[in-house]
Chemist: 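The structure follows.
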Amino acid sequence: AQSVTQLDSHVSVSEGTPVLLRCNYSSSYSPSLFWYVQHPNKGLQLLLKYTSAATLVKGINGFEAEFKKSETSFHLTKPSAHMSDAAEYFCVVSASYNNNDMRFGAGTRLTVKP
Amino acid sequence: DSGVTQTPKHLITATGQRVTLRCSPRSGDLSVYWYQQSLDQGLQFLIQYYNGEERAKGNILERFSAQQFPDLHSELNLSSLELGDSALYFCASSVADTQYFGPGTRLTVL
């Protein structure tokens with residue numbers, strides 16, 4: 001069984017400052033991990049994914065995430081926030097052999113202040 | 001644009017009615033997934049089809065059903081609608097371990 005916990009329901013940053021969205025996971029199997037972004041009234045867009053290759057994963061729009069097995073974490077970061085980054089972010093875990101069973105975190109709402 | 005299309009974009013109906021939501025997966029993707037997103041429940045997996053066959057079931061109510069056709073498009077049927085069924089319904093299609101989501105159908109039950 002697997003699960004994912006997003007540690008912050010809401011994060012607020014100023015434009016130009018770093019972004020950190022935290023995610024811890026639990027998985028009985030070698031996990032695949034994903035971050036998706038959802039802008040208001042839009043579908044979920046894949047930002048990046050980890051599937052047991054490099055532990056530092058680079059995604060779109062300057063985002064990256066680091067898989068840390070010892071900490072069971074997969075935090076999402078960006079060096080400098082842009083106004084257009086304001087959205088809901090979802091951390092997702094699945095057993096790498098079975099992508100039927102994707103478990104979504106509750107989401108973190110990112111607000112970017114001018 | 002993920003390549004997954006959903007129609008209609010918005011749907012407003014009354015309690016007790018039945019509606020059908022449609023999803024076309026990305027070209028070549030055999031799997032289609034349906035999700036419900038509401039404010040109180042978050043994003044919930046409903047059901048998955050793979051090449052026309054039901055593959056996995058999540059928190060899908062008995063009033064809801066789905067199917068996947070030979071051309072791989074899928075329909076989600078919601079019947080005896082209740083106020084609490086108001087939500088965003090997403091479909092996703094996948095290749096390997098990555099799911100790509102459509103823009104969603106917003107269902108409002110009055």
Side-chain angles (χ1 to χ4, degrees), chain A residues 1-10 23 25 27 29-54 57-61 65 67 74 87-109, chain B residues 1-11 21 23-26 29-51 53-60 68 87-108:
Chain A
Q2 52 242 348
S3 64
V4 64
T5 302
Q6 291 184 244
L7 298 169
D8 307 291
S9 59
H10 187 207
C23 172
Y25 72 91
S27 179
Y29 302 95
S30 177
S32 291
L33 292 155
F34 308 79
W35 277 98
Y36 285 86
V37 60
Q38 184 180 26
H39 291 275
N41 299 310
K42 300 284 188 187
L44 279 74
Q45 180 186 17
L46 179 67
L47 273 180
L48 50 81
K49 67 176 182 179
Y50 165 79
T51 53
S52 75
V57 182
K58 293 190 184 298
I60 61 171
N61 301 336
F67 173 72
F74 190 58
E88 187 94 16
Y89 290 79
F90 293 93
C91 181
V92 183
V93 64
S94 76
S96 57
Y97 71 94
N98 178 12
N99 78 331
N100 298 336
D101 191 10
M102 290 182 78
R103 302 298 174 95
F104 286 76
T108 297
R109 180 165 299 280
Chain B
D1 183 2
S2 67
V4 179
T5 60
Q6 290 187 248
T7 57
K9 200 168 182 179
H10 301 278
L11 201 47
L21 313 183
C23 168
S24 292
R26 298 184 326 150
D29 286 358
L30 300 179
S31 277
V32 170
Y33 305 76
W34 285 98
Y35 293 86
Q36 179 193 59
Q37 186 180 38
S38 60
L39 282 173
D40 53 345
Q41 304 266 24
L43 194 64
Q44 291 205 89
F45 166 66
L46 295 178
I47 196 164
Q48 180 210 357
Y49 276 80
Y50 178 85
N51 202 21
E53 306 264 334
E54 184 184 300
R55 176 64 68 93
K57 253 184 177 176
N59 298 322
I60 189 165
Q68 187 179 26
L88 260 173
Y89 290 84
F90 290 106
C91 84
S93 70
S94 74
V95 59
D97 60 355
T98 303
Q99 293 186 23
Y100 296 89
F101 284 76
T105 293
R106 181 171 292 282
L107 173 66
T108 302

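Below, each value reflects all heavy atoms present in this structure, side chains not excepted, and no hydrogens, waters or symmetry copies.
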Chemist: Using non-hydrogen atoms and a 4.5 Å limit, figure out which bit of A:Gln38 sits close to chain B: side chain, backbone, both or neither.
Modeler: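 Just its side chain gets close to chain B.
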
Chemist: What part of A:Lys42 lies closer than 4.5 angstrom to a heavy atom of chain B: side chain, backbone, both or neither?
Modeler: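 Just the backbone, heavy atoms under 4.5 Å.
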
Chemist: Could you tell me which portion of A:Leu46 (side chain, backbone, both or neither) has an atom closer than 4.5 angstrom to a non-hydrogen atom of chain B?
Modeler: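 Contact with chain B involves the side chain of A:Leu46 alone.
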
Chemist: Got more than 12 heavy atoms from elsewhere within 6.0 Å of CD1, A:Ile60?
Modeler: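 Yes.
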
Chemist: Restricting to non-hydrogen atoms, name the atom on B:Tyr100 and the atom on B:Ser2 that form the minimum distance, rounded to 0.1 Å.
Modeler: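 The pair with the smallest heavy-atom distance is CB-CB, 4.3 Å.
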
Chemist: Between A:Tyr25 and A:Phe74, does the ring-ring contact (aromatic ring centres under 6.0 Å, His included) criterion hold? Intermediate values first, please.
Modeler: CA-CA 7 Å; A:Tyr25 72 91; A:Phe74 190 58; 7.9 Å; no

Chemist: With a 4.5 angstrom heavy-atom cut-off, which part of B:Gln37 approaches chain A: side chain, backbone, both or neither?
Modeler: side chain

Chemist: Has the side chain of B:Gln44 got a donor or acceptor atom that lies under 3.5 Å from a matching backbone atom of B:Gly58?
Modeler: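 Answer holds: no.
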
